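Okay, so here's the structure we're looking at.
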Amino acid sequence: MADRPGSRGTARPGGLAPDGEIRTFPFPADLSVGGVGMHVGPMGTGRTWRAADAAPDRVHRIDFHVVMLFSAGPVRHMVDFAEYEATAGDLLWIRPGQVHRFSNSGYRGTVLTMQPGFLPRATVEATGLYRYDLPPLLRPGPDQLTALRAALAYLQREYEDAATLPLSLHTAVLRHALTALLLRLAHLAASSAEAERRADTTFSLFREAVEEGFPTNHSVSAYADALGYSRRTLVRAVRAATGLTPKAFIDRRVVLEAKRLLAHSDLPIGRVGAAVGFPDPANFSKFFQQHTDLTPAQFRAEMR
């Protein structure tokens with residue numbers, strides 16, 4: 001069984017950048033066929049399918065999407081402080097920026113990786129690529145699994161057939177096949193979240209803006225102004241999609257990042273606060289304690 005998130009020995013130098021922050025690995029373009037912004041292939045012993053420098057049992061981030069369809073198990077995988085156990089027929093979807101950790105062995109099946117910019121915005125919206133509120137672990141029913149396996153197998157065949165079509169057409173075919181697969185995954189993920197509430201464009205844009213701006217911007221009004229929405233419109237859209245107010249949504253994202261850095265990096269607490277928009281350590285400590293009932297130092301001690 002894997003160690004619990006942040007336990008002793010899980011966040012040491014193999015998962016840290018030289019400055020003590022959590023390491024982020026880029027899309028492994030050297031593994032892709034023809035240089036396209038995706039890769040699909042088998043997982044298993046002796047197969048290279050993840051960043052060569054990423055120590056399997058160390059926490060790290062990635063700047064691309066990973067979808068793993070397992071053919072065996074169980075496998076335990078940590079994503080943002082939660083341990084997930086996947087077995088044959090399960091899928092695990094890890095999104096850019098999420099902190100995660102592999103187990104040492106047992107990964108069997110098919111893995112899909114893709115760069116965020118590989119698909120057009122309309123497809124990104126429809127497939128929920130940045131629905132961080134949805135669960136990473138997906139358990140399809142028999143019919144859903146059959147359809148997903150067929151879609152993934154078709155995508156893999158097209159991906160490996162790099163000689164039949166010119167690169168531009170090959171890439172276009174891959175985008176269409178990938179979209180079909182992701183639409184099925186999006187439907188499954190939305191159903192698994194106990195609410196088939198599709199995020200509308202307003203919430204989707206707000207979520208993307210928060211993901212980019214939360215280290216320095218915690219103001220609902222500032223986000224509303226930047227996006228061209230009234231505060232009331234933003235409140236309705238965020239509450240409909242998540243059940244939260246926009247301020248609570250922002251705060252939850254700030255707390256998650258603070259927890260990531262406290263548990264999985266060696267940054268001083270003052271620098272953790274500054275990294276999430278609190279240059280004053282006292283204000284950061286007060287904010288963190290209000291949302292977790294622990295001081296940053298207490299939380300770090302519990303995770304180590």
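Everything numeric in this text was worked out from a predicted model, so none of it was measured.
- The ring of F249 has its center closer than 6.0 angstrom to the ring center of F206.
- Salt-bridge formation is not detected for the pair E158/R175: no Lys NZ or Arg NE/NH1/NH2 atom is positioned less than 4.0 Å from an Asp or Glu carboxylate oxygen.
- No donor-acceptor contact under 3.5 angstrom links the side chains of E302 and Q298, judged on distance only.
- Residues Y223 and G213 come closest through the heavy atom pair OH-C, 3.2 Å.
- Here the options are L112, L145, V111, L92, the test is side-chain contact (heavy atoms from CB on, under 4.5 Å), and the partner is L69; only L145 passes.
- Shortest non-hydrogen contact noted between V40 and Q156 is CG1-CA, 3.6 Å.
- Going from atom OG1 of T113 over to atom CE of M68 covers 11.0 Å, rounded to the nearest 0.5 Å.
- Rounding to the nearest 0.5 angstrom, the gap separating the NE2 atom in H264 from the CD1 atom in I22 is 6.0 Å.
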_Criterion side-chain contact (heavy atoms from CB on, under 4.5 Å) on M38 and F64, from CA distance to verdict_ = CA-CA 9 Å; M38 59 162 286; F64 53 96; over 6 Å; no
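- Screening residues 210-219 for salt bridge (Lys or Arg N to Asp or Glu O under 4.0 Å), with sequence neighbours left out, gives E211-R253.
- Relative ring orientation between F287 and H218 is described as parallel, the plane-to-plane angle staying below 30° on a 0-90° scale split at 30° and 60°.
- Between V173 and D161 the shortest side-chain heavy-atom distance does not fall below 4.5 Å.
- Relative orientation of the Y107 and H77 rings is perpendicular, given thresholds of 30° and 60° on the angle between their planes.
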_Before you tell me yes or no, could you show the steps for R95 and L129 under side-chain contact (heavy atoms from CB on, under 4.5 Å), namely the whole-Å CA-CA distance, both residues' side-chain angles and the distance that decides it to 0.1 Å?_
CA-CA 8 Å; R95 291 169 167 82; L129 286 189; 5.8 Å; no
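- Among all heavy-atom pairs drawn from A263 and F299, the shortest one is CB-CE2, 4.2 Å.
- Considering only residues two or more places apart in sequence or on other chains, T216 meets the side chain to side chain donor-acceptor pair (under 3.5 Å) condition with none of them.
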_Determine whether M78 and H100 satisfy the following criterion, side-chain contact (heavy atoms from CB on, under 4.5 Å), listing intermediate values before the conclusion._
CA-CA 5 Å; M78 186 277 284; H100 71 118; 5.5 Å; no
*Tell me, with the steps shown, if L205 and Y229 meet side-chain contact (heavy atoms from CB on, under 4.5 Å).*
CA-CA 11 Å; L205 292 174; Y229 296 120; 3.6 Å; yes
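- Counting only distance, with no hydrogens or angles, the side chain of R300 and the backbone of L262 share a donor-acceptor pair below 3.5 Å.
- Checked by atom type and distance alone, the side chain of D63 pairs as donor or acceptor with a backbone atom of F27 at under 3.5 Å.
- Using a 4.5 Å heavy-atom threshold, the side chains of N217 and S219 count as touching.
- Listed by first and then second residue, the ring-ring contact (aromatic ring centres under 6.0 Å, His included) pairs involving residues 117-155 are H65-Y130 (not counting sequence neighbours).
- Looking at T242, its side chain does come within 3.5 Å of a backbone N or O of V238 through a donor-acceptor pair.
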